[in-house]
Structures are given as C-alpha cells and as structure tokens.
Amino acid sequence: MGDFALVDHTADLGVRVSAASRGDLYETAARALYSIIGTLAPRADGGARPARLALPPAGDEGLLLRAFLAELLFLFEARHTFIDNPRVDWPAEGGLLASGEERLVDESRSVFSREVKAVTYHGLSAGWNGAAGLWEAFFIVDI
Amino acid sequence: MVSLERIDPVRWRIPKSSRAGMRVEGLVFADDTLIQAAEGDRSLEQVANVACLPGIVRASLAMPDIHWGYGFCIGGVAATDPDEGGVISPGGVGYDINCGVRLIRSGLAEADVVPRMKQLVDALFATVPCGVGRSGRVHFGGKELRRLLAEGAAHVVKAGFGRAEDLEMAEAGGCLKGADPEAVSDRACERGADQCGTLGSGNHFLEVQVVDAVFDEAAARVMGLAPGGVTVMIHSGSRGLGYQVCEDSLAALAGAPRKYGIDLPDRQLACAPVHAPEGQRYLAAMRAAANFAWANRQMLTHLAREAFAAVFGGDDARLGMGLVYDVAHNIAKLEPYEVNGREKMLCVHRKGATRAFPPGHRDVPAKYRGIGQPVLVPGDMGRASYVLAGQPGAMVETFGSCCHGAGRRLSRSAAARAAKGRSIARELLARGVIARAHGRAGLEEEQPDAYKDVSDVARVVETAGLARRVCRLRPIGVIKG
C-alpha cells in the first residue's frame, strides 16, 4: 500500500503518489483517482465480475500509468464500474495486464465529489526514485 | 519567463524575441490587475509557445480571462493558415469540446419568480440531471447517436425537445457541417450515450438570473432583455463523448509532429497540418463532438423549460422562454479572414474564448445583424454574468474573438481551504442566491471568491473594442453538479 497527496493545480488537481513497489504505485494511483471522483460503493446485489485490462507498451512509465488510469476512468464513465483491488503485472513484451474485480457502482450509496474529464499528460512522471528508495508518480486530472 | 511590453492600458505584447521559435508575437488583452494574475501562473509562457505553431497568422492571442491550461492557455486564440502548412491542435480546443453557454430569456420578472424561487430551484435540480454519474433522460445509442453527431441540436429538436427557432439562435445553427460521426470512436460513443441532456459537474451550471443593469438599451431590446427580466443561463459542453474524442485524438496525434517535422516547445501542443489526414480526422471528430454539445445544451433547455412550466403553470411558450443565443467557447473552426489583402480560410482555435462577430457580419442571425452577435460571459454564482455584443475591433485584432468568463483566481484546493468552517450555500443565500449542488465540493471549489471579477474582464474587452456590454445578469438561483 502506498500514499498519495492531492496538490494545488489551478482549476484542476495534481496527484503525487509514492509506494514501495511498482504494483503498489499503480494500485495507489488508482485509489487516488477514485478518491477524487468520490467514495464509490459497490452494488450489493451482484454485478461483480473478474476484470482483465491489457494495455500496450506506452513509451515510458508515466505514459503507461496514465493509460492505466485513463482506462479506469473510461470504465467508470461508460460502464459505471470500478476495479476493486487492482493488481498490475508487466509482461516481458511491454505494456501491462491489470486484474481485479470490476464492480458496478451503487449510485445511491456512493458519495460523488468531482467529475474527472481526463488524466492529462501535463507534468506526468512515474518511476523509481533511488535516492528516496520509493516508486513515485505525479499526474494531473482535468476536472 | 517571457518579456512583456505594454502597448496601451489593455494591450500587452510578447515580442518574438521572448523565446526561440516564435513565428509571431503574442498579444494579451488585460489591465494591470489581470496581467499581474497572468504573470503569476505560466499562462504567458503558453501564449509564447502557441506563437511557435506552424502557419500561425498575425499573433498568438489571449483574452483578459487568461489563465493556465494544457498547451494553449485558457483564453487563448490562434488562427493558422492551412494553405501555409497551418496546423490544428486539440490543445487549442480543450478536452471539453464545444463547452459553451446558452441564454434563455423569459416573460417573467424578478417579482414573479422570487416568491417561488426555492420551488423553482428544487424543480430544476430534480429535472436536470447534474453531477457525477448522472444519466440523461434519453439514451442515444448506436445509429441514432451517429445521426445526432451529424445533425447536432436539430436532431433533438426533431425528436420533440425544443423549437425550430432555437436552431437559428445558436452559433453555427447548433451544428457544424463536415462532422464525421465515423471519426468518433466506439469508446467515445459508449461514454456519451447516456449523457446527452446532462449538465455535468465542476464549473458547469444552470443559473436563474435577473437583468439588473442595461448598458445598451437598443441591443437589449432586440435580444428581448429588459431590466428585472428573468433569464436562464446554461454552461455545459460535450460531456464524456467530447472528453474521449480529445483523449483519442491526443493519442492519434502523438506521432504527428515528428512525422511532419514540427518542433514543439510543449508536448501538449500536439498537432498536425490541417490538410493532413490526421488533421482532417481530428477536425471531423471535433465537429461531431461539438454537435453533441449543442444537442446536449438543447436537451438541457427543454428540461429547464419543463421545470419552469411545472412551477409557474402553462407552457414555456406562454412563459416566453425563447433562446437569446448559444455560443461555443472551446472550438476550432474554419473561418474567412483577410490576410495581407487576400481573403483566406483560417483555422481559428478558441480555447476559453468566444466568437464575437460585429454588426453586419453574414454569420450573425438576421435578427442580430444590426447590433452584433450576442456574446455570453458567465462570471460566478455570487456576483454577475454579462451579455455583450460583438464589435468590429474583434475582426481586426482577434479573429472575431472575445473573452469567455471570469477566469479562476484560486485553485480548487485553495478554494476548499478557504471554505473551511463556512457554509457557501448559506453565504449565497445571504446574497439572495438559492444554490443546490450534489455535495459540498461543488459549491466550495466553485465559490465566488475562486473567480476573478468578470466585470473587470468585460470592461477590458469593451475598452479594447472587441465587444460592448449590453447588460449585466445577477444570479438568484443556481444548480450545480
């Protein structure tokens, strides 16, 4: 489990993430994104199914993380679902595979805060910080 | 850091020498206070960056509500010449393609409405889907959505959600020709299928207002706006469909600058020549998304009329709820301008900027041709919004463009911190504004103090000759997502 903090960024929100492992970095970034949207409650009457996301190589770690978060955003907006406990693996050929439980959002029990239009490319970074001994990332969401 | 030279009290030049690669100078419209705010974020750098785009004509422009954006600053205007390798850039339009504003007048006066204001705001809040995750009343999917992307507002009017005359009072008739629904991805369609007729969240709003000052009586009369008259202003855009079109386009254009030998100072100015396949595809998809936004605002108009009719009785025609105008403030359009003595079709990007055509312009509806195109400039939910009319100066200096709003003064986090221990809803009530929002974040982050004073912005554009003030609108009720 890692940590995240929201930072000032004019009309939008910046997110700083840090974690001990690459997997925790992605999981924490996902948690940060969902927390910006609100407190999401799953439907109790079913609607959960195994999630499997496959993303192609993306040029660098920041772009790959952004693509992962953009996919989560798409699922939320288009299908009203979120991925519970996402786990990310990185195949040898590049890209990533994410799994978890895709759950339908219970709108009556969820508390929504903000609409996220997109995970932007601005100031995007992700990678291992040797000096800090942590995986770190920064991204900005357009509200 | 860019250099700034004052030209006059409301104009500032960023000389070409400010940074390597600038093809034209920057021109910023602002007074001393507004330019100071611009110097505080990196928006002036963005004006300089945009000046590096291939084919840019005359100047990289910024309106007085300038603030930092992605690629282009908010308030940024740039025209490129496609025949000179001019480019089109999604960063010059924004994620929310055709975010814009619509103003509806009514035959009601403040005295008619105030006694039932709470009932009206509650009715609007119940009728107009707003906030995160809210779906529209009508699901437009599959082939019908593709038709809507081609037809824009006309599609939903034909389906019974509006009047034929509404189309005449929207920029571009509520539909850009040359939209290609097939250029919009299935993902974008899936994201937007149940969002037509939804307000959204963030700075989107539906506001009930009163005309509380008239500066140009003749123009106000033509627009059907009288002192004490009640209006409805809607601020919304292309919703998730537009956001996804931008997202898809940024990915599709990622390799284009390298392919076409374009050296960019900022990756977020990703672009392609307008005439290139990538440029044409973005233009076609952007137009389709713009059409979705017009359909969205048309649906929202219908829902607002329904709510008014439910509270005040009768139908919206009897209530006089006609459309004053609808403007886009995040868009790129091909428009003719004179360049070095020749008429050229230029690609005009308006990112947080509004078209402001003057009296006599052929694209202004006949009803307004004598006074100029209405320009709708929302402020904040505590103070005011403005209706302006386009002036000839806009055609000379800004490719027929003007400001779009107040511009943020506080970041979201700063606004939320400033709201601690306060009830923004109660403060608004003390100012005579009944506000309903889903959750505290909406009101706190969008509180009046988070925005600059739109009166300052309106005064600058009037002084600069881009548009003149017609009337000021005071909010009395607002719903937000």
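Below, chains carry the letters A, B, ... as their sequence lines are ordered, and counting in each starts from 1.
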Does any backbone or side-chain atom of Val116(A) lie under 4.5 Å from a heavy atom of chain B? Answer side chain, backbone, both or neither. backbone
Which answer fits His122(A), side chain, backbone, both or neither, if we ask what part of it has an atom under 4.5 Å from a heavy atom of chain B? both
Quick one: pull up OH in Tyr95(B) and OG1 in Thr120(A) and give me the separation to the nearest 0.5 Å. 5.5 Å
Donor-acceptor contacts, no H, no angles, side chain residues 133-143 of chain A, under 3.5 Å, sequence neighbours left out:
| unit_1 | atom_1 | unit_2 | atom_2 | d |
| --- | --- | --- | --- | --- |
| Glu136(A) | OE1 | Asn129(A) | ND2 | 2.9 |

For each of Leu63(A), Val111(A), Asp8(A), tally heavy-atom pairs with chain B at distances under 4.5 Å, and name the one with the top tally. Asp8(A)
Pair Lys117(A) + Glu247(B), salt bridge at N-O below 4.0 Å: no
Does Glu107(A) reach the side chain of Val132(B), with side-chain heavy atoms less than 4.5 Å apart? no
Taking only residues two or more places apart in sequence, or in another chain, which ones meet Arg79(A) in a salt bridge (charged side-chain N to carboxylate O under 4.0 Å, His left out)? Glu190(B)
Answer yes or no: are there more than 12 heavy-atom neighbours, outside Gln36(B) itself, under 6.0 Å from its atom CD? no
Quick test of your reading of the model: are Glu77(A) and Arg239(B) salt-bridged, counting only N-O distances below 4.0 Å? no
So do the side chains of Ser135(B) and His80(A) get within less than 4.5 Å of each other, counting heavy atoms only? yes
Phe74(A) six-ring face occupied by Arg187(B) cation (under 6.0 Å, within 45°): yes
Looking at Arg417(B), Gln268(B), His67(B), which makes the most heavy-atom pairs under 4.5 Å with chain A? Gln268(B)
Nearest-0.5 Å distance that lies between atom CG in Leu13(A) and atom CD in Glu445(B): 6.0 Å
Which distance, rounded to the nearest 0.5 Å, do you find between the CZ of Arg408(B) and the CG of Asp12(A)? 9.0 Å
If you round to the nearest 0.5 Å, how far is CZ of Arg412(B) from OG of Ser113(A)? 11.5 Å
Residue by residue, which of residues 195-204 of chain B have a heavy atom closer than 4.5 Å to a heavy atom belonging to chain A? Gln195(B), Gly200(B), Ser201(B)
Please determine whether the number of non-hydrogen atoms from other residues, nucleotides or ligands lying under 6.0 Å from atom CZ of Arg42(B) exceeds 12. no
Counting heavy-atom pairs under 4.5 Å with chain B, which one of Ala78(A), Gly59(A), Ala67(A) comes out on top? Ala78(A)
In this structure, are over 12 heavy atoms from other groups packed under 6.0 Å from Arg49(A) atom CZ? no
CZ of Arg146(B): more than 12 outside heavy atoms within 6.0 angstrom? yes
Test side chain to side chain contact (heavy atoms under 4.5 Å, CB included) applied to Asn49(B) - qualifying residues, sequence neighbours left out: Arg19(B), Pro265(B), Asp266(B), Leu269(B)
Does this structure show an ion pair linking Glu115(A) with Arg134(B), if we count only N-O contacts that are shorter than 4.0 Å? no
